[in-house]
Amino acid sequence: MRIYGTPLYGTPQGAEVAAAAVDALGVVTAWSRGARLLLGYARGEVVGRPASKLLAVGLPDSARRSLARREAWLGRVALRNQAGRPVEADVRACPLTDAEKQVQ
């Protein structure tokens, strides 16, 4: 599952999109520079660890349903930055598929 997040109130021109990849077990497998800028965590602090640790509150029910069906989801999520403060972000989660359209 690839996850993209951007701050709710817009981004300055030239700002980066925060992107992360999370495997089927909920473990972060990739972390972008934009994600580091948004939440303050370096790649080594999150890759290989549960993505749930980045949530300020649980995922919305609509996200859980879409993820269970392995469908794309778009919505608002409260993340937690490195300082422990919540960061509201619009998140788009998309299943990663191979050439045969099989979810990875």
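In this chain, residues are counted from 1 in sequence order. Not measured: the values here are computed from a predicted model.
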Could you list the residues that satisfy side-chain contact (heavy atoms from CB on, under 4.5 Å) with L37, not counting sequence neighbours?
-> E16, R33
side-chain hydrogen bond (donor to acceptor under 3.5 Å, both in side chains) contacts touching residues 49-64 (sequence neighbours left out) | S62-W73
Heavy atoms, side chains only, cut-off 4.5 Å: are Y41 and V28 in contact?
-> no
Gap between atom CD of Q82 and atom CG of L54 - 0.5 Å precision = 11.0 Å
Between V47 and L55, is there a shared hydrophobic cluster once you connect ILVMFWY residues whose side-chain heavy atoms come closer than 4.5 Å?
-> yes
Listed partners of A83 passing side-chain contact (heavy atoms from CB on, under 4.5 Å), at least two apart = N81, R85
If every non-hydrogen atom of P95 is compared with every non-hydrogen atom of A72, which pair is closest and at what distance?
-> CD-N, 3.8 Å
Residues passing the side-chain contact (heavy atoms from CB on, under 4.5 Å) test with A78, sequence neighbours excluded, are A56, V57, E88
Between D90 and R76, which heavy-atom pair has the shortest distance, and what is it?
-> OD1-NE, 3.8 Å
Do V27 and L67 belong to the same hydrophobic cluster, where Ile, Leu, Val, Met, Phe, Trp and Tyr are linked whenever their side-chain heavy atoms lie under 4.5 Å apart, directly or via other members?
-> no
